[in-house]
Amino acid sequence: MATTREIVNPAAEIQARTFDVRKIREDFPILRQKMHGKPLVYLDNAATSQKPQAVIDALTHYYTQYNANIHRGVYLLSERATQAYEDARIKLQHFLNAAEQREIIYVRGCTEGINLVAQTYGRKHLGAGDEILITAMEHHSNIVPWQMLCEEKGCRLRVGPINDRGELLMDEFEKLINDRTRFVSVAHVSNALGTINPVKQIIELAHARNIPVLVDGAQASPHMKVDVQALDCDFYAISSHKLFGPTGVGALYGKAKLLESMPPYQGGGDMILSVTFEKTIYNHIPNKFEAGTPNIAGAIGWGAGLDYLARIGMENIASYEHALLTYATEAIGQIPGVRLIGTAREKTGVLSFMLEGIHPHDVGTVLDQEGIAVRTGHHCAQPVMDRFGVPATVRASLAFYNTKQEINALAAGLEHVKAMFA
Ligand SMILES: *Cc1c(COP(=O)(O)O)cnc(C)c1O
């Protein structure tokens with residue numbers, strides 16, 4: 001991916017030469033635990049990620065040293081809280097390579113980011129007969145907000161199909177773009193399949209017809225370098241908790257011009273410049289979209305997490321995980337009875353699979369006894385399950401603190417499951 005702004009980060013370069021997963025694991029206190037007497041093997045990173053000590057410390061530090069409400073107090077404590085909260089916004093700006101810090105809106109998570117766009121941009125600009133284009137591999141968060149808009153406005157949801165590997169069929173997708181298409185919203189990476197979508201190409205296709213594009217970046221952001229300017233996306237939504245930060249906070253990137261043209265999402269404190277009973281003047285972006293007291297601690301903790309990631313380097317994370325995925329695909333894929341669901345040529349570390357004749361729930365329950373945490377179910381992507389004709393899958397999803405030994409433990413665990421149900 002081309003970047004407009006190459007930062008030479010000496011710390012990251014040192015890490016690159018010495019990417020030592022054992023050292024990295026020491027930064028994550030939760031990973032030291034045992035489950036049912038076995039070392040915890042945490043392979044549910046697509047549901048939520050674990051937090052490095054730096055994030056936990058930042059939360060504690062905020063609550064012990066400078067807890068106060070932001071943007072209001074004239075006293076030092078509140079100034080310190082405001083500063084840290086706004087510093088984290090700048091860290092997010094750099095993380096996504098946004099042009100301006102006011103293009104970063106704090107939200108509750110990726111879900112709220114998408115709902116914000118549907119409820120503001122969507123309600124303002126879409127009407128009866130207009131079409132919204134998504135893909136067949138979306139998370140429910142990138143389906144339901146658009147369905148709600150369609151119901152209200154009489155627009156129509158169109159869905160780009162995927163092939164048996166779980167890749168978007170670009171020809172079909174392109175054919176679905178027409179004069180009625182008013183919005184495109186796609187996952188950068190599928191949480192159920194791991195597929196990396198060609199979002200840059202999708203954005204170019206849509207922009208050729210002046211259609212704005214939202215990218216759901218919940219699963220891409222923890223695994224690769226994201227550059228919203230290089231992508232030229234109009235919106236990009238992410239969640240802190242999937243990105244090694246606290247729960248309850250996320251960010252929506254939006255191009256300043258678009259955000260300025262959009263009506264507010266929620267009304268309340270902080271989103272106004274002045275209020276009388278006759279007329280309220282709304283605040284500028286980003287505050288216009290941040291009504292009420294936000295998740296101050298969460299934002300600050302997230303900022304510490306982004307610093308931590310910058311020290312390791314997203315490129316280093318991506319290359320380590322790529323090697324681990326290759327290893328895992330081989331190790332798990334060769335087990336007799338395993339059917340991998342989602343074998344895209346471009347994918348992140350998600351292994352969704354079926355074990356022949358055994359319900360995914362049973363697989364997950366037995367693996368848990370071995371200390372192995374995997375997700376079983378539809379992964380908030382029921383249409384994906386329907387596409388592959390399965391009710392559920394077992395999903396092992398990787399992060400940069402996972403190891404080959406843990407993949408070996410999963411493989412051994414699956415042999416154990418098979419033996420139990422034989
Ligand atoms: C997790 C996820 C979401 C929703 O994120 P929340 O943090 O639950 O709001 C949306 N899209 C994808 C692809 C996800 O993996």
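Counting starts at 1 for both ligands and their atoms, in listed order.
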Between ligand 1 and the protein, which N/O pairs fall short of 3.5 Å?
from, atom 1, to, atom 2, distance (Å)
ligand 1, 7 (O), S239, OG, 2.5
ligand 1, 7 (O), H241, NE2, 2.7
ligand 1, 9 (O), C110, N, 3.4
ligand 1, 9 (O), T111, N, 2.9
ligand 1, 9 (O), T111, OG1, 2.5
ligand 1, 11 (N), D216, OD1, 3.2
ligand 1, 11 (N), D216, OD2, 2.6
ligand 1, 15 (O), Q219, NE2, 2.6
ligand 1, 15 (O), K242, NZ, 2.8

For the side-chain hydrogen bond (donor to acceptor under 3.5 Å, both in side chains) test, which of D216, T135, N142 pairs with S185?
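Answer to the side-chain hydrogen bond (donor to acceptor under 3.5 Å, both in side chains) test with S185 among D216, T135, N142: N142.
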Using the benzene-type ring in the case of Trp, are the ring centres of [X] and [Y] under 6.0 Å apart?
X    : Y    : answer
Y85  : Y106 : yes
Y320 : F19  : yes
F183 : Y121 : yes
Y66  : H61  : yes

May I ask you to decide whether E86 forms a salt bridge with R89, counting only side-chain N to carboxylate O separations under 4.0 Å?
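So E86 pairs with R89 through a salt bridge.
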